[in-house]
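For reference, the structure is listed below as structure tokens.
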Amino acid sequence: MNFPFLSVITFLPILGMVIVLLLNKERTKAIQTTAVVVTGLQVLLAVVIALGFNASLPGINNEATMQFTERLPWISIPQTPWFGEIRIDYFMAIDGLSMPMVVLTALISFLAVFASFSVNKSIKGYFVMFLLLDAGMMGVFCAIDMFLFYIFWEVMLLPMYFLIGIWGGPRREYAAIKFFIYTLAGSVLLLLVMIGLYFTTVDPATGAHTFNMISMMHPAENMKEGLFATLHSTPRMLAYIALFIAFAIKVPVFPFHTWLPDAHVEAPTAISVILAGVLLKMGTYGMLRISFPIFPEFAVYFQIPLMIFGFVNIVYGALCAMAQTDFKKLIAYSSISHMGYVILGMAALNVQGMTGAVMQMFNHGTITAMLFLLVGVIYDRAHTRGLNEFGGLYNKMPLYSFFTVIAFFAAIGLPGLSGFVSEAFVFLGAFQANPFWTVLSTLGIVLGAGYMLWTFQRVFMGTLPEKWEAVMSDVSPREIFTLAPLAIIILFLGVYPSPALNMMTTSLDHLVRFVKASAPAGQAFLGGF
């Protein structure tokens with residue numbers, strides 16, 4: 001296709017940001033409308049891209065089967081004595097791995113705009129940062145050149161820092177700095193590996209070094225003499241570990257998780273929605289897009305340790321969630337637990353597990369976004385998130401309770417809701433790979449049901465305290481507008497998940513085959529334990 005769909009959907013928020021900058025700060029409605037129109041157009045573009053997407057093309061390591069490809073010369077520096085010729089392309093494309101994430105990013109960003117209407121401080125600055133963040137997130141899922149990927153990855157860091165640090169809660173500065181330092185540390189590791197890969201990989205057409213991720217996935221053809229040219233070498237193993245840490249911080253994987261509860265608790269509702277709904281997925285996406293296909297031998301070698309990380313995330317996150325009395329912090333720790341299912345499915349290294357992992361990325365994005373929106377509804381009215389301060393909300397807010405039941409039971413993994421489908425595929429795949437860690441990980445299902453049902457009992461059952469009688473009202477039309485689409489998606493994919501599964505299966509099957517074919521068997525770390 002000649003129309004640059006990916007560039008438009010990525011840079012449309014930048015255009016919106018420029019328009020907001022030109023508007024007078026007093027024109028609040030115009031600023032909010034601009035953000036609504038821009039993100040709404042993103043959703044329409046995402047739908048058009050999804051309708052034009054060919055699910056039979058695998059992509060991953062084959063440029064010819066990537067879709068909506070845009071490739072242009074971007075940065076070109078003539079021959080230099082030390083570095084040789086420097087050529088960097090503007091290379092955007094998608095496949096079955098990135099397509100669900102493009103749809104998710106557009107949807108969550110659009111709904112988060114409406115959740116942002118409760119922001120009443122420096123509204124112009126808020127939406128400038130919001131739209132910049134939107135562009136960075138979308139770019140990460142569309143970029144195939146690693147230099148471009150890194151730019152979008154870093155672009156997200158600045159607006160998120162300010163959105164938490166300026167518009168957050170009482171401890172916002174602490175939470176923002178902690179988020180910034182953790183993420184920046186991971187970015188440094190990503191940068192070092194990126195540079196090493198650049199000086200190892202050459203473009204077969206030009207003979208110059210390249211940041212093209214697809215070229216990096218074919219070391220036999222494209223990696224000449226360099227740091228990462230020899231398979232199974234120590235430098236490649238260290239690079240894989242460095243990338244794992246960089247992406248694990250974003251997921252976050254235990255023990256790199258401590259920034260997340262603070263960031264969620266202090267962030268405004270809309271930013272918590274984006275943080276849990278989209279940003280966490282970038283860590284697991286980076287592993288699948290970069291770590292696994294570029295270093296396949298170590299994806300196989302470290303298969304069991306990765307499963308153990310998934311198990312720890314699932315159980316540790318669930319136990320921490322059970323101990324919380326702050327509604328937001330409980331959802332934050334539940335996100336850590338549910339992202340553990342993604343890690344477990346990825347580590348299975350089979351089609352069922354991988355499909356469950358990517359499906360869980362999408363499903364968790366919609367479910368947790370809905371949960372944080374629900375927390376925001378209560379906080380806007382009561383200005384507290386203490387779970388022990390409520391009770392009896394079901395009688396006072398029946399429609400709100402209805403939405404909460406859908407979100408809670410989807411998080412538990414109730415059959416008929418989307419969370420069940422992805423978790424079932426994760427366990428199907430993981431059990432084939434390693435029954436021991438899979439069986440232990442099912443403890444997370446029991447713990448998840450425990451803390452979710454206990455939370456529902458404390459907040460919705462019993463009698464409403466008298467102090468909330470006057471302030472607690474049911475969901476408004478604007479709040480219904482943000483919650484209803486997510487509820488519909490959760491119900492639809494729970495009953496009929498085929499559209500989402502069909503979109504990703506071919507690409508993930510190809511990724512699994514490629515990783516296993518590129519990594520000889522019998523080299524698993526810790527053996528079969």
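Side-chain contact between D134 and L12 is absent, with no heavy atoms from C-beta onward closer than 4.5 Å. K178 is listed as a side-chain neighbour of T258, based on a closest heavy-atom distance under 4.5 Å. Side-chain contact between I108 and M137 is absent, with no heavy-atom pair separated by less than 4.5 Å. Side-chain contact between I94 and M66 is absent, with no heavy-atom pair separated by less than 4.5 Å.
Side-chain N/O atoms of H364 and Y341 include no donor and acceptor closer than 3.5 Å. Between the side chains of T69 and E63, no donor-acceptor pair of N or O atoms lies under 3.5 Å. Counted by atom type alone, T210 and S215 present zero donor-acceptor pairs between their side chains at under 3.5 Å.
When ring centroids are compared, F141 and F152 stay outside the 6.0 Å threshold. Ring centroids of F372 and H264 are separated by less than 6.0 Å, placing the two rings close together.
Rounding to the nearest 0.5 Å gives a distance of 15.0 Å between CG of N61 and CZ of F292. Considering CE of M146 and CG of N212, their distance stands at 11.5 Å, rounded to 0.5 Å. Residue M99 holds its CE atom at 10.5 Å from CE of M504, rounded to the nearest 0.5 Å. For the atom pair CG of L511 and NZ of K516, the computed distance is 11.0 Å after rounding to the nearest 0.5 Å.
Formation of a donor-acceptor pair under 3.5 Å by the K328 side chain with backbone atoms of A267 is found in this model. Although no hydrogens or angles enter the test, the distance criterion places no donor-acceptor pair under 3.5 Å between the side chain of W259 and the main chain of I181. In this structure, the side chain of Q303 engages the main chain of A347 through a donor-acceptor pair within 3.5 Å. At least one donor-acceptor pair closer than 3.5 Å links the side chain of R236 to the backbone N or O of I294. Using a distance-only test at 3.5 Å, with no hydrogens or angles considered, no donor-acceptor pair links the side chain of E70 to the main chain of M92. Using modelled atom types, one side-chain atom of T366 and one backbone atom of N363 make a donor-acceptor pair closer than 3.5 Å. Panel note: side chain S507, backbone P58; a donor-acceptor pair is recorded below 3.5 Å. A donor-acceptor pair under 3.5 Å is absent between the side-chain atoms of D89 and the main chain of R71, judged by distance alone. N313 contributes a side-chain N or O that, together with a main-chain N or O of P252, makes up a donor-acceptor pair within less than 3.5 Å. At distances below 3.5 Å, not a single donor-acceptor pair connects side-chain atoms of H209 with backbone N or O atoms of V202.
Qualifying side chain to side chain contact (heavy atoms under 4.5 Å, CB included) partners for V155, counting only residues two or more places apart in sequence or in other chains: L132, I151. Partners of A239 under the side chain to side chain contact (heavy atoms under 4.5 Å, CB included) rule, at least two apart in sequence or in another chain, are V193, F228, F295. Under the side chain to side chain contact (heavy atoms under 4.5 Å, CB included) criterion, F431 pairs with P435, T438, V439, sequence neighbours left out.
Ring pair F254/Y316 is tilted by interplanar angle, where 30° to 60° counts as tilted. Taking the six-membered ring for Trp and thresholds of 30 and 60 degrees, W437 and F311 have ring planes inclined between 30 and 60 degrees apart. Between F3 and F5, the ring planes are perpendicular. Angles over 60° get that label, and only those under 30° would be called parallel. Aromatic ring orientation, Y161 versus F180: perpendicular (interplanar angle above 60°, classes split at 30° and 60°).
Each of L447, L440, T442 was compared with V315 under the side chain to side chain contact (heavy atoms under 4.5 Å, CB included) criterion, and only L447 meets it. Applying ring-ring contact (aromatic ring centres under 6.0 Å, His included) to Y198 and the options Y150, F211, F147 leaves one that passes, F211. Screening I60, N62, L57 against D95 for a side chain to side chain contact (heavy atoms under 4.5 Å, CB included) leaves a single residue, I60.
Annotation for F409: atom CZ does not count as buried by contact number, only 12 or fewer foreign heavy atoms lying within 6.0 Å.
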Legend entry - Full working for side-chain contact (heavy atoms from CB on, under 4.5 Å) between L306 and F244: CA-CA 10 Å; L306 190 59; F244 172 76; 3.6 Å; yes
